[in-house]
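Written below as structure tokens is the structure these notes are about.
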There are 2 protein chains.
Amino acid sequence: MNQPCPQHAHPRRLVQQPLSDLTARLRAQSRKITGPRQAILDVLRSHAIPLTNRQIHHALGKSDCDLATIYRTMHTLLEMGLVRRCDFGDGTARFELSDADDPRHHHHLVCRVCNIVVEIDACLPPQLEADLALRHGFSQIAHHLQFFGVCPRCKEHPDAADPAGLPGRPGPRREP
Amino acid sequence: MNQPCPQHAHPRRLVQQPLSDLTARLRAQSRKITGPRQAILDVLRSHAIPLTNRQIHHALGKSDCDLATIYRTMHTLLEMGLVRRCDFGDGTARFELSDADDPRHHHHLVCRVCNIVVEIDACLPPQLEADLALRHGFSQIAHHLQFFGVCPRCKEHPDAADPAGLPGRPGPRREP
DNA sequence: TTTAGTGCAAAACCTTTGCACCCAG
DNA sequence: CTGGGTGCAAAGGTTTTGCACTAAA
């Protein structure tokens with residue numbers, strides 16, 4: 001189960017953290033290494049793009065771990081800094097592994113048609129947040145940034161949406 | 001779209017569009033000008049920050065318009081380009097008026113403690129999206145960007161959260 | 001008259017939570 | 001053994017939808 005997803009693999013994330021590193025970080029904060037947690041981390045390790053809790057649940061085979069456990073685990077991992085949360089504007093949270101020592105800050109470019117996700121390293125000019133802090137008196141400023149567009153394939157074939165079982169956004173709630 | 005971000009000097013949206021302009025835009029696309037719609041547009045006009053559908057509903061007095069109607073209306077207005085959607089990362093959509101002829105592109109700085117919202121004009125370097133398009137072959141690129149931080153007042157008084165009746169985020173589901 | 005828009009109620013979906021049980025440490 | 005973690009079920013909040021009815025054009 002939970003094979004890597006070649007279509008979404010990106011050079012940037014090919015270097016994955018070994019599972020042992022992740023569990024070590026759990027242990028370091030005296031959290032337990034359980035079956036569900038290892039399985040969840042393994043799913044995240046084998047996918048190059050942020051996943052929803054439901055997608056993780058599905059990748060696990062549904063019987064391996066309760067959905068509520070996934071929600072609780074993601075909270076824990078988020079608090080511990082092992083995962084990052086992304087919002088693609090559809091009201092569903094997505095999570096991806098966050099590197100330990102090198103928290104590689106990056107953003108995502110999402111195709112509005114087929115939901116393919118590309119990891120990019122474009123970012124804000126570094127002094128921009130400092131300027132904001134100065135001008136508005138805010139401290140501890142961080143930002144959320146994501147890009148949306150139409151990918152080359154969808155531009156060419158405007159019909160084919162969400163091909164194969166690619167883990168993109170969950171489809172519309174109902175098909176007419 | 002994806003024009004270079006016009007550096008609008010207006011620090012806040014003090015200059016409001018007259019209601020007649022908004023209804024004219026509705027009429028122009030042969031949509032009906034109804035009581036609820038005028039009331040909703042009026043609420044948006046009188047608030048300088050993005051509102052959730054629930055906040056709009058509450059501002060209307062609950063009896064003036066059904067919540068479902070607000071959801072449907074926001075969809076319509078979004079499609080027509082009369083409003084913009086903002087996501088502050090709490091899983092609830094927010095909407096603000098979008099200027100007709102001058103779609104003043106801007107972003108928001110949200111206080112993590114009291115949820116106060118400041119409209120800012122800081123934005124990405126204009127050529128950044130063009131570079132992305134070139135490098136990844138995407139077209140029609142747009143971005144969502146929002147900043148989070150701690151406002152001066154909350155930095156000073158770490159206790160008082162969500163003062164006055166400021167329409168900020170609905171209370172968080174859980175405490176961080 | 002025509003048809004978009006509305007109110008109401010119900011449902012779908014995401015997320016959280018209470019509780020009893022289980023298992024990693 | 002002990003407390004954190006889990007499964008299950010139920011609930012809470014947001015958003016959508018079906019249907020009959022209203023009202024704008």
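Keep in mind it's a predicted model, so treat the numbers as computed, not measured. Every chain is numbered from 1, with letters handed out A, B, ... down the list of sequences.
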Keeping [X] on the side-chain end and [Y] on the backbone end, is there a donor-acceptor pair under 3.5 Å?
X: B:Arg37; Y: B:Lys32; value: yes
X: A:His106; Y: A:Glu119; value: no
X: A:Asp87; Y: A:Gly89; value: no
X: A:Arg84; Y: A:Leu78; value: no

What nucleic acid atoms does A:Ala93 come within less than 4.0 Å of, heavy atoms only: base, sugar-phosphate, or nothing?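 Since only primed, P, OP1 and OP2 atoms lie under 4.0 Å of A:Ala93, the category is sugar-phosphate.
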Per the side chain to side chain contact (heavy atoms under 4.5 Å, CB included) rule, which among B:Arg31, B:Gln29, B:Arg25 passes with B:Leu82?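 Filter result, single survivor: B:Arg25.
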Integer-rounded Å distance: [N] [atom2] and [X] [atom1]:
X: A:Met74; N: C:dT16; atom1: CE; atom2: C1'; result: 16 Å
X: A:Leu67; N: D:dC8; atom1: CG; atom2: P; result: 12 Å
X: B:Tyr71; N: C:dC13; atom1: OH; atom2: C1'; result: 12 Å
X: B:Gln55; N: D:dG13; atom1: CD; atom2: P; result: 15 Å
X: B:Asn53; N: D:dT16; atom1: CG; atom2: C1'; result: 12 Å
X: A:Ile70; N: D:dC8; atom1: CD1; atom2: C1'; result: 14 Å
X: B:Asp66; N: D:dT15; atom1: CG; atom2: C1'; result: 13 Å
X: B:Arg72; N: D:dC21; atom1: CZ; atom2: C1'; result: 12 Å

Is a donor from one side chain sitting under 3.5 angstrom from an acceptor on the other, for B:His47 and B:Glu96?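 Not at all, the side chains of B:His47 and B:Glu96 share no donor-acceptor pair under 3.5 Å.
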Per A:Ala68 side chain, nearest of listed nucleotides D:dG18, D:dA9, C:dT15: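 Among the listed nucleotides, the one closest to the side chain of A:Ala68 is D:dA9.
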Answer yes if the ring centres of A:His108 and A:Phe88 are under 6.0 angstrom apart, and no otherwise.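 Judged by ring-centre distance (under 6.0 Å), A:His108 and A:Phe88 do meet the cut-off.
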A:His143-B:His144 aromatic ring centre distance below 6.0 Å: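 No, the ring centres sit 6.0 Å or more apart.
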Looking at [X], I'd like to know whether one of its side-chain N or O atoms comes within less than 4.0 Å of OP1 or OP2 on [N].
X: B:Thr73; N: C:dT6; answer: yes
X: A:Thr69; N: D:dG5; answer: no
X: B:His75; N: D:dT15; answer: no

How sharply is the helix from C:dT1-D:dA25 to C:dG25-D:dC1 bent, taking the axes over five pairs at either end and rounding to 10 degrees?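 If I round to tens, the end axes sit 40° apart.
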Heavy-atom contacts under 4.0 Å between residues 26-38 of chain A and DNA chain D, which residues?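 Under 4.0 Å from DNA chain D: A:Arg31, A:Lys32, A:Thr34, A:Pro36, A:Arg37.
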I need the minimum non-hydrogen distance between B:Pro36 and B:Thr69, along with the two atoms involved.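 Minimum heavy-atom separation between B:Pro36 and B:Thr69: CB-CG2, 4.3 Å.
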Any N or O donor-acceptor pair under 3.5 Å from the base of D:dG12 to the side chain of B:Arg54?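 Not at all, since no donor on one side and acceptor on the other fall under 3.5 Å apart.
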